[in-house]
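I have placed the structure first, in the form of C-alpha cells, so that the comments after it can refer back to it.
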Amino acid sequence: MLISNVHLVAVSGPLPAPVAGLLDVRVDGDRVVEVGPGLAAAPGEASYDGGGRWLAPGLWDQHVHLGQWTLSSARLDLAPARSSAEAVDLVRERLEQWPDLPVIGWGHRPTAWPANPTVSDLDAIGTDQPIVLIAGDGHHGWLNTTALHMLALSSRDTVVSETEWFLAYGRLASVLGTDGTGPEAYRRSMEAAAAQGVVGLVDLEFSGGVADWAARWAGGADLLRIRHACYADGLDDVLARGLRSGDPLDGDPRLTMGPLKIISDGSLNTRTAWCCEPYADKAVPGHEEGQPNQTPEELRALLGRAVAGGLEVAVHAIGDRAVTEALAAFEETGARGSVEHVQLTTRDDVRRMAALGVRASVQPAHLLDDRDVTERLWPGRAERCFPLRWMLDDGVEVVLGSDAPVSPLDPWLAIAAAVHRSGDEREPWHPEQAITAREALAASTDGWGTVAPGHPADLVLLDADPLDGGSDREHATALRGFADRVAVTWVAGQVAHARS
C-alpha cells in the first residue's frame with residue numbers, strides 16, 4: 001500500500017527541511033518500508049491519497065480493563081451520586097424499570113459522602129435481585145446481602161474491597177448470567193478505540209486467562225493489537241504454557257503475552273493507597289497510612305517467579321510507600337517492567353526508577369478526578385502527585401493510559417491532561433509537573449517516534465497536526481476533542497477504522 005500526500009507528525013522532534021513537506025509512505029505487509037517525496041505506486045499496489053493530512057504512529061492505551069470497559073455502557077451510572085441515599089435512589093429507579101434484572105452499577109466515589117455506604121442501605125430497598133455497585137476507582141464493591149451470598153462472600157455491613165473484591169469480581173459472570181463481554185461486545189469496544197486512533201491496548205482485566213483471550217480472538221475480537229496480562233492466580237497456567245512476555249498467544253503476533261499484574265496497594269479514594277504519612281481525613285482505623293495488599297516478601301516472591309518465567313511485571317503502586325517498596329522489589333529481583341499509576345512519589349524514587357530502567361505507566365486523566373480529594377486527604381503532598389515533569393527530566397520512560405473504565409478510554413483526554421493538568425476553568429494543578437504535547441504524544445505511541453522505515457504499519461491519519469496549538473489551555477481543549485480529527489486508523493497495515 002502507498003499512502004500519498006501526507007505530512008508527518010513530528011513525534012520525535014522537529015523534522016528536517018527535506019521531509020517537512022508532503023511525503024508518501026509505502027507499507028509492505030505490517031511494516032513501513034519507505035518514506036519520501038514523489039513515490040510512485042508499484043503495479044498492483046493499493047494506494048490511499050492522504051489529501052495533505054497528518055500521519056502519526058498509532059496510539060496505545062497502556063492500562064485498560066477491557067472487560068469492564070466493555071460492560072460499562074450497560075451499567076447503572078452512579079457517578080452523579082453525592083451520598084448513599086442518592087445512590088440508593090438511582091438503584092430504586094433502575095429496579096422500577098427492570099424489576100426482574102440484577103443491578104450492576106459503576107462509578108460511585110464515596111470519599112466525600114457524609115457517611116460510608118453500607119449493605120443495610122441496599123437491603124432496605126427490599127428486592128430479591130442482587131445489587132453489585134462497583135466504585136469509580138474499581139477498588140471496592142458495594143453489595144446487598146443477596147449478592148454477597150450469591151458470590152460466596154461472608155455477611156457484613158461494609159463494602160468488599162481490594163484483594164477480596166478483585167477475586168469476587170471474576171465470579172460475577174457466573175452469578176449474574178450473560179455479562180455482555182462476548183467477542184462481539186469486545187469487537188465493538190475495539191472499534192470505538194480505533195475510531196480515536198488507538199492501535200493497541202494492554203489489557204489488565206482482573207478475570208480471564210490465556211484460553212479466554214484465544215477464544216475471544218478466534219471469535220472475531222481481533223481488530224487491535226492486544227497485550228494480555230495475567231494476575232497471580234493465573235501465573236501457574238502461564239508458566240505451564242511456557243509463555244514469556246511478547247510471545248504470541250494464538251499464533252498471531254498482534255495478540256501477545258503481556259506482564260504479570262500485581263496490585264500492591266489500594267487507591268486514594270478508598271484511603272487504602274499505602275503512604276509514608278497518614279491520611280488527613282477519615283483514615284481507615286488501624287491503617288491510617290493505607291496498606292499493602294502483599295507483604296514485601298510476598299511481592300518479591302511474585303517478581304522472582306516472573307523473572308524466572310521470562311515475564312515482565314506491572315506493579316500497581318499509588319501511594320509513595322507502595323512505590324518505594326515496588327522499586328525495592330524490582331532492584332532485588334532484577335525484574336523488568338512498569339510501576340502502574342505512580343500517583344504519589346518522591347524525587348528520590350523517581351531517580352531510582354530511572355536508574356533501574358523501570359517504566360512509569362501513568363493515567364493523567366486521574367489527576368482531573370483526584371485533584372480536590374488529593375488536597376483534602378494528602379495535604380502538602382500535591383506537588384508530588386503525577387510528577388510527569390520530574391520523570392521525563394530524570395530519564396524515566398513514561399507511557400500513558402486510561403485505566404478504563406476508571407477514566408474513559410480516550411488517549412486524547414490523557415494527553416490533554418498531561419499537558420494542561422486541568423479539566424475545568426481552574427488554573428492548572430501544579431503546572432510545574434506538566435509536559436509538552438510532543439512529550440505526551442510520544443508517551444502514547446508505544447515508543448515509536450515520527451513515522452519512518454522499519455516502523456510497524458500501525459498508523460493514524462489526522463485532519464490536523466496535534467502538535468500545532470495556541471496557549472496551553474487552547475491546545476489542551478483542542479486535544480480533548482482530537483478523536484473527531486481521526487480519518488483512518490491502520491493496524492498491521494489493515495484498516496481498523498475509516499471515517500465515513
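The residues of the chain are indexed from 1 along the displayed sequence.
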Check: Ser12 side chain, Thr450 main-chain N or O, donor-acceptor pair, under 3.5 Å:
yes

Tested for side-chain hydrogen bond (donor to acceptor under 3.5 Å, both in side chains) against Asp403, the lone hit among His316, His63, Gln62, Gln363 is His63

Does the pair Arg384/Glu277 count as a salt bridge with the N-to-O cut at 4.0 Å?
yes

Among Arg359, Arg244, Arg227, which residue satisfies the salt bridge (charged side-chain N to carboxylate O under 4.0 Å, His left out) criterion with Glu312?
Arg359

Tell me if a side-chain donor or acceptor on Asp265 pairs with a main-chain N or O of Gly319 at a distance below 3.5 Å.
yes

Is any side-chain heavy atom of Asp349 closer than 4.5 Å to one of Asp320?
no

Trp213 ring center near Tyr186 ring center (under 6.0 Å):
yes

Contact check, side chains of Leu268 and Tyr279, non-hydrogen atoms, under 4.5 Å
yes

Does Asp77 use its side chain to pair, donor to acceptor, with the backbone of Ala79 at less than 3.5 Å?
yes

Side chain to side chain, Glu439 and Arg389, heavy atoms closer than 4.5 Å
yes

Does the Gln433 side chain pair with the main chain of Arg421, one donor and one acceptor, at a distance under 3.5 Å?
no

If we only count heavy atoms from C-beta on, is the Arg473 to Glu425 side-chain gap below 4.5 Å?
yes

Please tell me if the side chains of Asp369 and Arg109 come closer than 4.5 Å, counting only heavy atoms from C-beta onward.
yes

